[in-house]
Amino acid sequence: MIGQLVELSNDERIDALLSGVKWGGSGIVNSVELSYSIPSATSTWRYTTEIDAGWYSLNNSQVLSFETALQGWADVADITFTRIPDGQLYGDIRIAYSHEVEEGTAAYAYLPYGENLSARGIFTADDESGDIWLHPDTTEFSAGSFGLHTLSHELGHALGLKHSFEAENGFPELDISQDHTGYTLMSYTDSTAAGYTYTQGDNNNYESRIVMPTTPMLYDILAIQHLYGANMSTRAGDSLYSFGTRAELMTIWDGGGTDTINLSNQLVGARLDLNPGTFSDIGLCQMTYQGELEQANDNIAIAFGVDIEHAVGTFSADILIGNALDNTLTGGAGDDQLEGGGGEDTAVFSGSSAEYTFAQTDTDITITGLDGSDTLSGIELFRFDNETLTLNDLPLSDGSIITRQEAPPAIDFRPIETEVAYFLLQIDKPRATSVSVNYHTRDGSAKAGEDYIATSGVATLLPGHTWLTLAVTLVDDNRAEGHEHFKMVISDPSEGVLASGDTELTAERIIVDNDLFG
C-alpha cells in the first residue's frame with residue numbers, strides 16, 4: 001500500500017492531531033480502501049523486534065472488539081476496512097500481542113510511513129506501517145473501557161494521527177485547555193465529563209475506572225475527515241438518538257436525514273445544544289464511590305457539519321438550544337427553557353392551547369400549563385394538539401411587557417399589634433390577562449378603628465403574576481386586653497368563580513397583644 005506526506009491545514013484543531021503522513025496517494029480529503037488481518041501461528045513477518053520478544057494472537061472476542069474500534073473510525077471517515085487472511089499475504093493493518101510492549105504502556109502502533117519518497121511525497125509503506133501491538137495485560141474491551149479506548153487510540157495512529165500533546169515535524173500541540181479525551185482520543189489526559197464506574201475488590205476496597213469515549217471525538221473527526229473525507233452514508237436517513245441513563249462520553253456523527261435527539265427516558269434534567277461543535281449535559285454520572293449520582297457535564301458532543309433538527313426533553317427541567325435549522329423543541333414535563341436558533345423554530349406542547357396561559361416578559365415568553373411553566377426565546381411557532389400559533393396569535397395581554405415575579409414572601413399569621421398584618425393573595429398559575437377580586441376586612445374579637453384600620457378595595461393580579469399581598473395597619477392601643485382576631489374577606493372574582501366554588505374566601509390573623517408582656 002502507498003502513502004503520502006501531509007502538509008499543515010492551517011486549522012490548529014486539525015494540525016494538532018496530524019502526524020504528517022496518511023494512507024493513499026490521491027491527496028487529502030480522499031477516500032481510501034485499507035485491508036486488515038489478524039496474525040496467527042502460520043503468519044509471515046518481515047520485521048523482527050516484536051516477534052523475537054514473543055508474540056501471540058487475539059482471541060475471537062478480542063477481534064470483535066478490534067472490529068468495533070475499526071467501525072468507529074469508518075463511521076466518520078471515508079475509509080473502507082476489509083478483512084483478509086493473514087499468511088504469506090496480510091493486511092495493511094495488523095494487530096497482535098507482544099512482550100516487547102513495556103510495562104506501563106497499554107499498546108503502541110506504527111504510523112503509515114515509508115522511506116522511498118517520490119517528488120509528490122508519495123511512498124511505499126514499510127511492512128510495519130499501521131501495525132498495532134498490545135501489552136499482554138490489555139485485555140478488557142467493554143464499552144467505555146480503557147481497553148476499547150486504547151484500540152481506538154492506536155488505530156488513530158495507524159491511520160496517521162499523532163498525540164495531541166506533542167509538537168512534531170512542524171505540527172503543533174493542542175491547546176492545553178482542550179487537550180483531553182472530551183475533544184480527542186489522541187490525548188493522554190482523561191475527561192471526567194461522564195464520571196467513573198466503581199467496582200468492589202478485595203478487602204472491600206473500591207476500584208475506580210473513568211468512563212472513556214466510545215467514539216472518535218470532535219477534533220478526531222475533524223482531523224480524520226481532513227485526511228480521508230467524511231462518510232456521508234453513516235446514519236444518512238432519519239435517525240433517532242437516545243442514550244442510557246448512565247452518562248456516556250461520545251460524539252454524534254450523522255450523514256443526513258431529518259434527525260431527533262429524544263431524552264424522554266432520562267432520570268434527570270438535561271442541557272441539550274443542537275449546534276454542531278458543541279457539548280451537552282446528558283445522563284447521570286458518579287464522581288466518588290460514595291457520592292450521589294449527578295448530572296453529567298459536557299459529555300455528549302455533536303460533530304462539526306452535523307445537522308440535528310429536533311429535540312425532545314426529559315420529564316424534568318431542561319434547557320433545549322436550537323441551531324440554525326428549523327427546529328422543533330419539545331420540553332415535556334418540567335419547567336423548561338427553550339431557545340430557538342436561526343431558523344423558524346417550533347415549540348411543542350402536549351395539550352390544547354386553551355389549557356395554557358401566556359405571558360411576555362422583557363426578554364421571552366412564558367407558557368404555563370400541562371407541561372409546567374416553560375420559558376421560550378427565539379421561537380416562532382407554538383404547536384398545541386389542536387392548533388399551531390404564531391407569536392402574534394398568542395393571547396399575550398395586549399402585548400404588554402411584564403416582569404417575572406420572585407417567590408412570594410413568608411407571611412406571619414400572628415403579628416404583634418405594633419406591626420402590619422399581611423394577607424397573601426395567590427393563584428395557581430399565571431393568567432394571560434389581569435384577574436381581580438374584591439376584598440374587605442371583617443371584625444372578629446378585634447374591632448376596626450380600635451385594633452386595626454378597616455381596609456377594602458379591588459386587588460388586581462397583572463398578566464403573568466401569581467401573587468400579591470394585602471396590608472392591614474394594626475393599632476397599638478397600650479391596653480392589656482389579650483390576643484384578638486379579625487378576617488380578610490375575598491369575593492367577586494373577575495373570572496366569575498373562586499377555586500373552591502364558594503362565593504367568598506376568608507383568612508384570619510391573630511393580633512398578639514404586646515401589652516400583656518409589660
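Nothing fancy with the numbering, it's 1 onward along the sequence.
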Donor-acceptor side-chain pairing of Asp127 and Tyr90 below 3.5 angstrom: yes
Heavy-atom side-chain proximity of Pro213 to His149 below 4.5 angstrom: yes
Parallel, tilted or perpendicular: rings of Tyr97 and Tyr56 (30°, 60°): parallel
Short side-chain to backbone donor-acceptor contact, Asn323 and Leu274, under 3.5 Å: yes
Any Leu134 side-chain heavy atom under 4.5 Å of Leu58 side chain: yes
Phe358 and Tyr356 aromatic ring geometry - parallel, tilted or perpendicular at 30°/60° bounds: tilted
Heavy-atom side-chain contact between Asp126 and Tyr47 under 4.5 Å: no
Test item: Arg83 and Ile38 side chains (from C-beta on) under 4.5 Å apart, heavy atoms: yes
With Asp393 via side-chain hydrogen bond (donor to acceptor under 3.5 Å, both in side chains) - residues at least two apart: Thr390
Under 3.5 Å side-chain donor-acceptor pair for Gln88 and Thr44: yes
Residues, nucleotides or ligands: over 12 heavy atoms within 6.0 Å of Glu380 CD: yes
Contact summary for Asp92 and Asp131, nearest pair of heavy atoms: O-OD1, 3.9 Å
Heavy-atom check, side chain of Asp259 versus side chain of Val306, under 4.5 Å: no
Check: His153 side chain, Leu185 main-chain N or O, donor-acceptor pair, under 3.5 Å: yes
Any donor-acceptor N or O pair under 3.5 Å, side chains Ser43, Asp86: yes
Note: Glu140-Arg209 ion pair, threshold 4.0 Å (strictly below): yes
Heavy-atom side-chain contact between Trp23 and Ile79 under 4.5 Å: no
Under 3.5 Å donor-acceptor, Asp345 side chain and Asn327 backbone: yes
Distance-only donor-acceptor check, side chains Gln286 and Tyr198, under 3.5 Å: no
Exercise: do Ser9 and Asp11 side chains pair donor with acceptor under 3.5 Å: no
Check: Glu50/Tyr108 side-chain N/O donor and acceptor closer than 3.5 Å: yes
Under 3.5 Å side-chain donor-acceptor pair for Ser280 and Asp273: no
Neighbour count above 12 (heavy atom, 6.0 Å) for Glu67 CD: yes
Per-pair distances, 0.1 Å, donor-acceptor, side chain in residues 329-338, under 3.5 Å, sequence neighbours excluded:
unit_1: Asp335; atom_1: OD1; unit_2: Ser373; atom_2: N; d: 2.8
unit_1: Asp336; atom_1: OD1; unit_2: Asp318; atom_2: N; d: 2.8
unit_1: Gln337; atom_1: NE2; unit_2: Glu339; atom_2: OE2; d: 2.3

Test item: Asp179 side-chain N/O and Ile176 main-chain N/O as donor-acceptor pair under 3.5 Å: no
Sub-6.0 Å ring centroid separation between Trp45 and Trp133: yes
Six-ring centre of Tyr241, Arg235 cation under 6.0 angstrom, axis tolerance 45°: no
Test item: side-chain donor near acceptor, Asn275 and Thr278, under 3.5 Å: no
No-hydrogen, no-angle side-chain donor-acceptor test under 3.5 Å, Asn59 and Ser61: no
Any Tyr36 side-chain heavy atom under 4.5 Å of Phe66 side chain: yes
More than 12 heavy atoms from other groups under 6.0 Å of CD on Glu7: no
Side-chain heavy-atom pair Leu155, Leu70 within 4.5 angstrom cut-off: yes
Sidechain N-carboxylate O distance under 4.0 Å for Lys162, Asp15: no
Any donor-acceptor N or O pair under 3.5 Å, side chains His310, Thr328: yes
